[in-house]
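The block underneath contains the structure these notes are about, expressed in structure tokens.
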Amino acid sequence: MCGRTSCHLPIDVLARACAYRDRQGRERLPEWKDPDKYCPSYNTSPQSNSPVLLSRLHFEKGADPSERIIAPMRWGLVPSWFKEDDPSKLQFNTTNCRSDTIMEKRSFKVPLGKGRRCVVLADGFYEWQRRQGTSHKQPYFIYFPQAKTEESGSTDVVESPEHWKKVWNNWRLLTMAGIFDCWEPPEGGDLLYSYTIITVDSCKSLNDIHPRMPAILDGEEEVSKWLDFGEVSTQEALKLIHPTENITFHAVSSVVNDSGNNTPECVTPISLLVKKEPKASRSSQKMMQWLATKSPKKEDPKTPQKTESDVPQWSNQFLQKSPLPTKRGATGLLERWLKQEEPLAKRPHNQ
């Protein structure tokens, strides 16, 4: 499935990232519809607005169908036939649409038959991998491999904190196949445009993280065919819906688990984040100093202590770690207790 994305680029940068050529071969930028409804976010969840790409013909009769519009839409499709006065009363989840049942469910089959195809734009999406033998889930940020450019200087986006800050200047947006619909409140009011992301079985490289992934349109030709509902039939368009191996990912901080957190830390490789050691209280510091000088038994390690990465390895490498050597006696117990004085409430919360 796909239940969380990132799309933090400003309006003008996002439009430049969606440059295309119309039927006359002219290079164009898509125009924005209701840009004030777009809220850039590193942590977008269902029922919030995020940008989608679609043909201008959906909004203007007689328009050139090759011309494109970017429109913020609600994530979670509300069918046009829904009769309640509040979209939140919809009794089933329409965040995602499975490719294998797309023609069976009325909520998706009807708008698809009307040609209401769109491309959901994002920096990338998040998925959680359950650690073997535990209840802990490690979040990953998943996106297109980024091409080498003069500004970025490398194809490897996980090099250094400085490099990571620069890559957004030339970021290749993730383009996911979606379906949208238009709902009008029964008592009248503003039209509500909403969408769902089509999902497929995961590719081999992502299967260890999650069994499902978004249907990704890889390249301008696929994007163009998916959007051109006038020339490309539904049957032909659905041939574009399949897993792709052209994808990469890295582990990120559990700060992304809370959808209220909207910071660059959500997408930053966990290996680049600076870990802050918990501060001991003044009394604890004095006690630690006393223990260091008065302790009758001092251990002198012969070998340096190994540091371990917080980034989980793949499932076949999940091995239980042996506990570190501990000091014996009451002095060692007190010292370990003082080191663990940091309140639990400050630790990252996993969803």
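Predicted model only: the values in this text are computed from it and were never measured. Every heavy atom of this structure was used, including side-chain atoms; hydrogens, water molecules and symmetry mates were not.
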Please list all pairs meeting salt bridge (charged side-chain N to carboxylate O under 4.0 Å, His left out) that have one or both residues in residues 264-273, counting only residues at least two apart or in different chains.
none
Look at Asp64 together with Arg28 and state whether they make a salt bridge at an N to O cut-off of under 4.0 Å.
no
Any donor-acceptor N/O pair, Asn261 side chain to Val255 backbone, under 3.5 Å:
yes
Whether Lys239 and Glu236 form a salt bridge (side-chain N of Lys/Arg under 4.0 Å from carboxylate O of Asp/Glu) is what I want to check.
yes
Can you pull out every ring-ring contact (aromatic ring centres under 6.0 Å, His included) where at least one residue sits in residues 213-234? Sequence neighbours excluded, please.
His58-Phe229
Could you check, using the six-membered ring where one of them is a Trp, whether Tyr140 and His250 have ring centers closer than 6.0 angstrom?
no
Distance check, rounded to the nearest 0.5 Å: Gln47 atom CD versus Ser259 atom OG?
10.5 Å
Residues that Glu220 engages under salt bridge (charged side-chain N to carboxylate O under 4.0 Å, His left out), provided they are two or more places apart:
Arg68
Residue pairs involving residues 74-87 (criterion side chain to side chain donor-acceptor pair (under 3.5 Å); sequence neighbours excluded):
Asp85-Lys89, Asp86-Ser88
Would you list the atom pairs, donor with acceptor, under 3.5 Å between side chains in residues 105-114 and any protein atom, with sequence neighbours excluded?
none

Just grab all the side chain to side chain donor-acceptor pair (under 3.5 Å) pairs involving residues 185-197, residues at least two apart or on different chains.
Ser50-Tyr195
Salt bridge present between Asp228 and Arg23 (N-O < 4.0 angstrom)
yes
